Amino acid sequence: MIAHYLADQQTDLAAETDWDERAVAEHAQVEESDFTALGIDSAAGFAPSLHLNLGDDYFRAGHLEMTREQLAKARSAKDLLPDDGYGAMIRAGIDHLEQRLEEAVTRGTPQAGGSCSAR
């Protein structure tokens, strides 16, 4: 959880990506109830946001295949998101990143700038 938020504080894309990669790696070690004390009912429901943020990092760095991999992971976990404002925000971010990726593939290069993650 801390790595996820530290990533958002970085001004350097490489540092942000490093923290987001750590967040995804650490999330794999989390038990379902580990975030309950933080007011998050489901640790699994946090996965789509983590993959979205990492996918956005990869997109901004021009790593389209790595972006596609993170999008697939975010999409496969979308059903774990709650039906509330947070869930809607992450779903919209996933859709937006997917659209940006499709446009980049069509153009042949990623368009730099702009984040679609929940920051």
Side-chain angles (χ1 to χ4, degrees):
M1 183 71 118
I2 293 171
H4 179 61
Y5 289 109
L6 283 172
D8 293 344
Q9 303 306 311
Q10 304 307 306
T11 57
D12 176 70
L13 180 57
E16 182 178 348
T17 302
D18 182 54
W19 281 111
D20 279 329
E21 287 172 339
R22 289 179 192 191
V24 168
E26 290 300 319
H27 184 263
Q29 310 302 316
V30 172
E31 297 294 325
E32 184 59 21
S33 62
D34 284 352
F35 294 158
T36 313
L38 301 172
I40 299 171
D41 295 334
S42 169
F46 203 50
S49 176
L50 296 174
H51 291 294
L52 170 61
N53 285 331
L54 186 54
D56 183 60
D57 296 343
Y58 290 153
F59 180 82
R60 289 183 287 138
H63 303 298
L64 301 185
E65 189 55 39
M66 294 168 78
T67 301
R68 191 178 327 280
E69 291 169 9
Q70 292 304 312
L71 264 173
K73 291 176 181 180
R75 265 190 258 109
S76 71
K78 268 179 26 172
D79 291 343
L80 300 172
L81 289 167
D83 289 326
D84 60 9
Y86 170 76
M89 177 181 65
I90 300 304
R91 284 183 188 91
I94 292 168
D95 292 343
H96 186 233
L97 181 56
E98 188 166 27
Q99 178 184 10
R100 289 173 63 210
L101 178 60
E102 289 172 13
E103 290 171 1
V105 169
T106 301
R107 284 190 194 97
T109 59
Q111 187 171 353
S115 175
C116 60
S117 57
R119 304 246 185 239

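Remember, it's a predicted structure, so these values are computed and weren't measured experimentally.
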(request) Indicate yes or no: at least one non-hydrogen side-chain atom of His96 is less than 4.5 angstrom from one of Leu52. (result) no
(message) Quick check on the hydrophobic clustering: are Leu64 and Leu13 connected, directly or via other members, by side-chain heavy-atom contacts under 4.5 Å?
(response) no
(request) Hydrophobic side-chain clustering at under 4.5 Å (ILVMFWY, transitive links): who's grouped with Leu6? Put none if nobody. (result) Ile2, Trp19
(message) Once salt bridge (Lys or Arg N to Asp or Glu O under 4.0 Å) is applied, do any residues pair with Lys73, and if so which ones, sequence neighbours excluded?
(response) none
(request) Could I get the full list of salt bridge (Lys or Arg N to Asp or Glu O under 4.0 Å) partners for Asp34, not counting sequence neighbours? (result) none
(request) Hey, could you give me the OG1/NE2 distance between Thr17 and His63, rounded to the nearest 0.5 Å? (result) 7.5 Å
(request) Only counting residues at least two apart or in another chain, list the ones meeting side chain to side chain donor-acceptor pair (under 3.5 Å) with Gln10. (result) none
(message) Can a donor-acceptor pair be found, under 3.5 Å and without considering hydrogens, that links the side chain of His27 to the backbone of Ala43?
(response) yes
(message) Given Tyr58, which partner from the list Thr67, Leu97, Leu101 fulfils the side chain to side chain contact (heavy atoms under 4.5 Å, CB included) test?
(response) Thr67
(message) Applying salt bridge (charged side-chain N to carboxylate O under 4.0 Å, His left out) as the test, list every pair that has at least one member in residues 22-31; sequence neighbours left out.
(response) Asp18-Arg22
(message) I'd like to check the side chain to side chain contact (heavy atoms under 4.5 Å, CB included) partners of Leu80; sequence neighbours left out, ordered by chain and number.
(response) Ala44, Ala77
(request) Please identify each residue that fulfils side chain to side chain contact (heavy atoms under 4.5 Å, CB included) with Asp83, with sequence neighbours left out. (result) Arg91
(request) Quick one: list whatever passes side chain to side chain contact (heavy atoms under 4.5 Å, CB included) with Glu102, sequence neighbours left out. (result) Glu98
(request) Indicate the atoms forming the closest heavy-atom contact of Leu81 with Gly45, along with that distance. (result) CD2-O, 3.5 Å
(message) Going by the rule side chain to side chain donor-acceptor pair (under 3.5 Å), which residues pair with Arg68 if we only count those two or more places apart in sequence or in a different chain?
(response) Glu65
(message) Here's a test for you: under side chain to side chain contact (heavy atoms under 4.5 Å, CB included), which of Arg75, Met89, His51 qualifies with Ile94?
(response) Arg75
(message) So, taking the atom named CG in Asp95 and the one named CD1 in Ile90, what distance separates them when rounded to the nearest 0.5 Å?
(response) 11.5 Å
(message) Going by side chain to side chain donor-acceptor pair (under 3.5 Å), name the residues that satisfy it together with Glu69, two or more places apart in sequence or in a different chain.
(response) none
(message) Once salt bridge (Lys or Arg N to Asp or Glu O under 4.0 Å) is applied, do any residues pair with Asp84, and if so which ones, sequence neighbours excluded?
(response) none
(message) Go through it in stages, so that I can follow the logic: the residues are Asp57 and Glu21, the test is side chain to side chain contact (heavy atoms under 4.5 Å, CB included), and I'd like the CA-CA distance, side-chain angles, deciding distance and then a yes or no.
(response) CA-CA 10 Å; Asp57 296 343; Glu21 287 172 339; over 6 Å; no
(message) According to ring pair (Phe, Tyr, Trp, His ring centres under 6.0 Å), who are the partners of Phe46, at least two apart in sequence or on a separate chain?
(response) His4, Phe35
